[in-house]
2 protein chains.
Amino acid sequence: MAEKVKRRKTQAKTAIVDILKQSTQAMTHQDIELALDGLCNRVTIYRVLDRLVKEDLAHKLVDVDGVTKYLACRDCGENHLHHHVHFSCEQCGELTCLYHVVPKFTLPEGYHLSEVNFTVRGDCPKCSATSSAAE
Amino acid sequence: MAEKVKRRKTQAKTAIVDILKQSTQAMTHQDIELALDGLCNRVTIYRVLDRLVKEDLAHKLVDVDGVTKYLACRDCGENHLHHHVHFSCEQCGELTCLYHVVPKFTLPEGYHLSEVNFTVRGDCPKCSATSSAAE
DNA sequence: CTCTTAATGCAATTGAGTTGCAAATATCTT
DNA sequence: AAGATATTTGCAACTCAATTGCATTAAGAG
Ligand SMILES: [Mn+2]
Ligand SMILES: [Mn+2]
Ligand SMILES: [Zn+2]
Ligand SMILES: [Zn+2]
């Protein structure tokens, strides 16, 4: 029943994967478009990103403010679950994975977990350093 | 420096607060519009909701899929922090607060927390019950 | 009741994301 | 290498949530 689609290695896909891999933080569609500098069409970026997510090469995250961002899949293991915390900086706006911060919790009876999205907002080390220095 | 704005008690605001308070789950703008049944303009709903959030009478949440939802503020204490888990059902789509589920975690040095958004996706008790009964 | 200003309605606009379709191109087959 | 085939792309048009400007309405203070 599962349609087997033969993926192709294209210029746009290669470029986008490279850009995502080079970034330490999650990127918006717009970030990527800017980085690509006209290499391909806006729509193509959306479509490539969709494919990357399907192929488990990238993750699609929604930030606390509703902004959709993409992240290269690194060492996520089998299921590509993000059990760790994502940190969203209120000052510089960057969204990063805190791979080592894995919250502990227990769901009540009857709830069945399939995915987790734990985002913490605040000031990142960089920004809290500069803002406290300014005082 | 803080602008003191004198809020007014209007028909739209009262109705929207009532609707939010009666709901056990977070509601979208559309849900609210439907419940209001033409009582006021679409834009007014957006503006009232913004005000309610500013006045700490409601919370604005973004679901895992990017859908914005609103929730009446109940016993949130002083700072209105949602340290508990929000559960988002993949089947019925409802988003609810699991007030008793508060994850434990520790941020690394240098990170300063101001807000938390922890959403768990999966099947709610209602939906997991009916789907296992169907097998 | 009168005055001030917050709140509303309406029409137009923005911006992210999607869709249909024809043209381009990656990959497979001879 | 050339041809066949299905994927990928570009473009234009579209959808849908949310925002904005502005004239009008209506809280609520005095
Ligand atoms: Mn992954
Ligand atoms: Mn609250
Ligand atoms: Zn920062
Ligand atoms: Zn459910």
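Every value quoted in this text rests on a predicted model; they were computed, and no experiment measured them. Proteins get letters first, then strands, A, B, ... in listed order; numbering begins at 1 in each.
- Under the rule for a side-chain hydrogen bond (donor to acceptor under 3.5 Å, both in side chains), A:Thr10 has no partner lying at least two apart in sequence or in another chain.
- The side chain to side chain contact (heavy atoms under 4.5 Å, CB included) search around A:Leu34 returns none, not counting sequence neighbours.
- Going from atom CD1 of A:Ile45 over to atom C1' of C:dT18 covers 15 Å, rounded to whole Å.
- Residues that satisfy the side chain to side chain contact (heavy atoms under 4.5 Å, CB included) test with A:Leu36, not counting sequence neighbours, are A:Ala15, A:Ile16, A:Ile19, A:Ile32, A:Leu39, A:Cys40, A:Ile45.
- Applying the side chain to side chain donor-acceptor pair (under 3.5 Å) definition to pairs two or more places apart or across chains, none involves residues 96-109 of chain B.
- The side chain of B:Thr44 contributes an N or O atom lying less than 4.0 Å from OP1 or OP2 of C:dG9.
- Within the 4.0 Å cut-off from OP1 or OP2 of C:dT8, not a single side-chain nitrogen or oxygen of B:Asn41 is found.
- Counting only residues at least two apart or on different chains, the side chain to side chain donor-acceptor pair (under 3.5 Å) pairs with a member in residues 30-54 of chain A are A:Thr28-A:Asp31.
- Rounded to 10 degrees, the angle separating the terminal helix axes of the helix from C:dC1-D:dG30 to C:dT30-D:dA1, each built from five base pairs, is 40°.
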Name the pairs: protein N/O against N/O of nucleotides 27-30 of chain D, kept only if under 3.5 Å.
from: D:dA27; atom 1: N3; to: B:Arg8; atom 2: NH1; distance (Å): 3.0
from: D:dA27; atom 1: N3; to: B:Arg8; atom 2: NH2; distance (Å): 3.4
from: D:dG28; atom 1: OP1; to: B:Lys9; atom 2: N; distance (Å): 2.7

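- Annotation: side-chain hydrogen bond (donor to acceptor under 3.5 Å, both in side chains) contacts of A:Glu115 (sequence neighbours excluded): none.
- Side chain of A:Ser128 to backbone of A:Pro125: a donor-acceptor contact under 3.5 angstrom is found.
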Residues B:Glu55, B:Lys13; criterion salt bridge (charged side-chain N to carboxylate O under 4.0 Å, His left out); working and verdict:
CA-CA 12 Å; B:Glu55 296 177 71; B:Lys13 183 176 171 182; 3.0 Å; yes
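- Evaluation of the salt bridge (charged side-chain N to carboxylate O under 4.0 Å, His left out) rule for A:Glu90 yields no partner, not counting sequence neighbours.
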Give the B/S/- string for nucleotides 19-24 of chain D, one per nucleotide from 5' to 3', where a protein heavy atom under 4.0 Å of the base yields B, of only the sugar-phosphate yields S, and otherwise -.
BBB---
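- Less than 4.0 Å separates DNA chain C from no heavy atom of any residue of residues 14-22 of chain B.
- A:Thr68 is linked by a side-chain hydrogen bond (donor to acceptor under 3.5 Å, both in side chains) to nothing, counting only residues two or more places apart in sequence or in another chain.
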